[in-house]
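Encoded as structure tokens, the structure appears first; notes follow it.
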Amino acid sequence: MVWAVLFLTGLAAGMLGSLMGLGGGIIVVPALMIFSVLSPFFADVTPQTAVGTSLLIMIFTGLSSTLAYMKQKTVDYMAGGIFFIGSGPGALFGVWLNKDLEVAPFLIFFGMFVVLVSFILLIRNKLKPLSIKGKGVRRTYQTEAGLEIEYGFTPFIAIVISFCVGMFSGLFGIGGGSLMVPVMILLFGFPPHLAVATSMFMVLLSALVSSISHIALGNVEWLYALALIPGAWIGAKIGAEINRKLKSDTLVTILRIFLIVIGLRLMWQGFTGL
């Protein structure tokens, strides 16, 4: 029964994480913490081991979904690599900040900010992406309907912004994709499908880097991971396939709902400490 629950948790995390480009940690971490209260089997789970185990699972979620999105040709590897130059160090800096700051008030305000981003996505068609200056990166993406969409970014600005996104990710313990996907859509003009696929590529890179430190610290519950990984791998494939079939507006609507849920969860965590 316990193994079935863990498998289904991994399946849900992989599917939803891959669908929205969030990675799946937003599902696994709260689930393990809830299980630790409900069942003696999970009595050894701590916030540290929940995060460490989740990051290990995100390697397989990221790899599975990236392979699926590679077949769909929706991953912008160059953009993902440039964004990771900023988000990787930013996440480490955020973790360092977390040790010395009173986090509760920031959780509340940041939760409000995430909810605000979801409403900004509602009027995204009325907003103009940042202008590309100098030797900026300009790309085009052709939709299945044959429509060509142009997007792009200035590398320096992109690295600075992604550093800030990574910092918030490490500081508040949320997946970087939950902010990076809206940033790519709103500021850089990425088509939603391309933003999600590129975000999952970044999730793979960041999970590889972050999980190494957690493994070294002994923050991974390997027994739970063995049950979570198969579900996460299969779920990521399913999520990528669902993503392919959704219209862009539908995908953004689902993303907005997820952001509202994440924002409310952050505020709840700030108020209650749970």
Side-chain angles (χ1 to χ4, degrees), residues 6-32 51 53-77 79-81 83-84 87 91 118 121 141 143-144 165 169 174-185 190-211 224-225 227-262 265:
L6 285 172
F7 176 83
L8 292 174
T9 300
L11 186 73
M15 183 172 66
L16 296 174
S18 176
L19 174 63
M20 303 312 308
L22 305 180
I26 196 70
I27 303 293
V28 173
V29 174
L32 288 177
V51 171
T53 304
S54 173
L55 283 168
L56 180 66
I57 305 308
M58 284 168 63
I59 293 176
F60 296 91
T61 303
L63 179 60
S64 178
S65 56
T66 297
L67 290 173
Y69 285 128
M70 283 172 62
K71 293 180 181 179
Q72 298 177 20
K73 298 181 179 180
T74 53
V75 181
D76 190 327
Y77 303 102
F83 296 153
F84 183 69
S87 65
S118 74
L121 281 170
Y141 172 72
T143 66
E144 290 187 356
V165 169
S169 171
I174 62 171
S178 58
L179 273 184
M180 202 63 217
V181 173
V183 162
M184 283 190 276
I185 294 173
F190 273 66
H193 291 84
L194 198 71
V196 169
T198 304
S199 174
M200 288 309 299
F201 174 58
M202 291 175 61
V203 165
L204 171 61
L205 297 178
S206 61
L208 280 168
V209 172
S210 302
S211 62
Y224 305 155
L228 286 163
I229 287 171
W233 182 272
I234 296 170
K237 295 285 186 185
I238 296 172
E241 184 61 25
I242 294 173
N243 176 287
R244 185 178 69 84
K245 295 180 179 180
L246 290 177
K247 295 180 179 179
S248 292
D249 286 343
T250 304
L251 190 59
V252 171
T253 299
I254 297 174
L255 176 60
R256 288 182 57 238
I257 294 171
F258 266 86
L259 288 174
I260 291 172
V261 171
I262 292 170
R265 176 179 170 267

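Nothing here was measured: the structure is a model prediction, and the numbers come from that model.
When all heavy atoms of F84 and M202 are compared, the pair lying nearest together is N-CE, 4.2 Å. Taking each heavy atom of Y69 and G239 in turn, the nearest pair found is OH-O, 4.2 Å. In this structure, A13 and V28 approach most closely via the heavy-atom pair CB-CG2, 3.5 Å. The heavy-atom pair separating S65 from S18 by the smallest distance is CB-OG, 3.1 Å. Residue F190 comes nearest to A79 through the heavy atom pair CZ-CB, 3.8 Å, listed as atom of the first residue, atom of the second, then distance.
Here Q72 pairs with nothing under the side chain to side chain donor-acceptor pair (under 3.5 Å) rule; sequence neighbours left out. Partners of L8 under the side-chain contact (heavy atoms from CB on, under 4.5 Å) rule, at least two apart in sequence or in another chain, are L11. Legend: residues meeting side-chain contact (heavy atoms from CB on, under 4.5 Å) with A225, ordered by chain and number and at least two apart, are T53, L56, I57, I229. Take F201 and apply the ring pair (Phe, Tyr, Trp, His ring centres under 6.0 Å) test, not counting sequence neighbours, and it matches Y77. Partners of T9 by side-chain contact (heavy atoms from CB on, under 4.5 Å), not counting sequence neighbours, listed by chain and number: V5, A31, F35, L228.
Rounded to the nearest 0.5 Å, atoms CE (M15) and OG (S64) are 13.0 Å apart. Taking OG from S54 and CD1 from I59, the interatomic distance works out to 10.5 Å, rounded to the nearest 0.5 Å. Atom CG of residue L205 and atom OG1 of residue T66 lie 8.0 Å apart, to the nearest 0.5 angstrom.
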Q: Assess whether side-chain contact (heavy atoms from CB on, under 4.5 Å) is satisfied between E241 and K237, documenting all intermediate values.
A: CA-CA 6 Å; E241 184 61 25; K237 295 285 186 185; over 6 Å; no
Intermediate values then yes/no, side-chain contact (heavy atoms from CB on, under 4.5 Å), M184 and S199
CA-CA 9 Å; M184 283 190 276; S199 174; 3.9 Å; yes
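Proximity of M200 to T61: side-chain heavy atoms (C-beta onward) are separated by under 4.5 Å at one or more points. In this structure, the side chains of L67 and W233 come closer than 4.5 Å at one or more pairs of heavy atoms. By the 4.5 Å heavy-atom criterion applied to side chains, S87 and M180 are not counted as neighbours.
A donor-acceptor contact shorter than 3.5 Å is absent between the side chain of T198 and the backbone of A195. Of the possible donor and acceptor atoms, one in the side chain of H193 sits under 3.5 Å from a partner among the backbone N and O of N243.
Exactly one of T74, V75, I185 qualifies for a side chain to side chain contact (heavy atoms under 4.5 Å, CB included) with L194. That residue is T74.
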